[in-house]
Visitor: 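Here you go, one structure.
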There are 2 protein chains.
Amino acid sequence: MTKIGIRYTKPRKLIFKALNHFSKPVSAAEINFYLKNKIDLTSIYRTLELMKKINIIEETEFGDGKKRYELMKNNKHHHHLVCENCGDVENIEMKEDNLLDKVKNKSSFLIKEHKLEFFGLCPNCQ
Amino acid sequence: MTKIGIRYTKPRKLIFKALNHFSKPVSAAEINFYLKNKIDLTSIYRTLELMKKINIIEETEFGDGKKRYELMKNNKHHHHLVCENCGDVENIEMKEDNLLDKVKNKSSFLIKEHKLEFFGLCPNCQ
DNA sequence: TATATTATTGCAAATGATTTGCAATATGTC
DNA sequence: GACATATTGCAAATCATTTGCAATAATATA
């Protein structure tokens, strides 16, 4: 009997490399462009889906109808500042335990994750 | 010379009524369904666009690829708890000045707005 | 009140992101 | 290296949203 498992293939390596290259959330199309079309968009989508499932990337949405993905470096979750003018993104980390505790007290939901994004103007665009 | 202006038409009244009926963010399709197809989807999209522009509704995304809209009651902005199982949504308000101040200090972005959403399981689905 | 002027609507078709089916290919195991 | 299975690329489908345009509705003015 042959073992089954997830394979670390050439396309997946490239997509991982691409994600690693960016330090901000990127769309499937951006990865595709960065990889010069070497990998089919479909495979990029499927790989991202997989990476999301095994929890090595995080998905974000900035409101323009495309999903963006980002490697979850050292398992630390962070938030984003998005420039409404040029689209530039800055990462931001913060202690948010207080906030989370507050919400957990207020609500009877069992909270698993949260998303916090800020929108405004980057230094260049102000 | 004829004056120009925004018209408060029948379709717009209905869409407003629909938004008012829901106490959570709803998609264009949900509004359309609620209004029993009386108003064309296109017009719903255009009206939502307009309402967003004149700042009477807020747009949210819960990560399933649809935009949702919600009336901005008494100008108070709030956040959401989304059940990952049944899709139910609970509104939540909180004092977040501390948080905002912190971010403003940490970053050189000029922050205009932010979105904060929580995901987990509602009481029924736990 | 009728008419003129401009805004808005509905329909059909276009677009853009993402997904699905499937045969061809690459991987890892024995 | 041969085999079993996972993965890929391509074409086509799907889903949300947008656009063009001629028909219609709303409002100001005669």
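A note on names: the letters A, B, ... follow the listed sequences, proteins ahead of strands, and every chain is numbered from 1.
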Visitor: Rounded to whole angstroms, how far apart are NZ on Lys53(A) and P on dT7(D)?
Guide: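 One finds 11 Å between P of dT7(D) and NZ of Lys53(A), rounded.
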
Visitor: Ile44(B) CD1 to dC11(C) P: how many Å, rounded?
Guide: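 My rounded result for the distance is 12 Å.
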
Visitor: Please state whether the phosphate of dA26(D), meaning OP1 or OP2, lies under 4.0 angstrom from any side-chain nitrogen or oxygen of Thr9(B).
Guide: no

Visitor: Roughly how many Å is it from CG in Leu50(A) to C1' in dT19(C), rounded to a whole number?
Guide: 16 Å

Visitor: Between dA17(C) atom P and Phe62(A) atom CZ, what is the distance in whole Å?
Guide: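 From Phe62(A) CZ to dA17(C) P: 16 Å.
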
Visitor: Relative to each other, are the rings of His80(B) and Phe62(B) parallel, tilted or perpendicular (30° and 60° limits)?
Guide: perpendicular

Visitor: Using heavy atoms to find the nearest nucleotide of DNA chain D for Tyr69(B) and Lys10(B) separately, return the residue whose nucleotide is more 5′.
Guide: Tyr69(B)

Visitor: Mind checking Arg12(A) for me? I need base, sugar-phosphate or nothing, with any heavy atom below 4.0 Å counting as a touch.
Guide: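 It contacts sugar-phosphate atoms only.
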
Visitor: Rounded off to whole Å, could you give me the CG-to-P distance for the Asp40(B) and dT18(D) pair?
Guide: 14 Å

Visitor: Report the distance from atom NZ of Lys66(A) to atom P of dA16(D), rounded to the nearest whole Å.
Guide: 19 Å

Visitor: Test His79(A) against every option in Glu96(A), Glu93(A), Lys115(A), Glu90(A) by the side chain to side chain donor-acceptor pair (under 3.5 Å) rule and name the one that passes.
Guide: Glu96(A)

Visitor: Establish whether the base of dT18(D) is bridged to the side chain of Arg46(B) by a donor-acceptor pair shorter than 3.5 Å.
Guide: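 Flag unset: no donor-acceptor pair detected.
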
Visitor: Output the single nucleotide from dT17(D), dT19(D), dG10(C) whose closest atom is nearest the side chain of Thr42(B).
Guide: dT19(D)

Visitor: Within this structure, what is the CG-to-P distance between Asn32(B) and dG10(C), rounded to whole angstrom?
Guide: 10 Å

Visitor: Heavy-atom nearest nucleotide on DNA chain D for Pro11(B) versus Gly65(B): which residue maps closer to 5'?
Guide: Gly65(B)

Visitor: Is any side-chain nitrogen or oxygen of Tyr45(B) closer than 4.0 Å to OP1 or OP2 of dT17(D)?
Guide: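 Yes.
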
Visitor: Do you know which two heavy atoms are closest between Ile57(A) and Tyr69(A), and how far apart they sit?
Guide: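 Smallest interatomic distance, heavy atoms only, reads CD1-CD2, 3.7 Å.
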
Visitor: What nucleotide among dA7(C), dT5(D), dC11(C) has an atom nearest to a side-chain atom of Arg7(B)?
Guide: dA7(C)

Visitor: Grab the two heavy atoms, one from His78(B) and one from Ile92(B), that are nearest each other, plus how far apart they are.
Guide: CB-O, 3.3 Å

Visitor: Is the backbone of Ser108(A) close enough, under 3.5 Å, to the side chain of Gln126(B) for a donor and an acceptor to pair up by distance?
Guide: yes

Visitor: Rounded to whole Å, how long is the line connecting atom CD of Glu30(B) with atom P of dC15(D)?
Guide: 16 Å

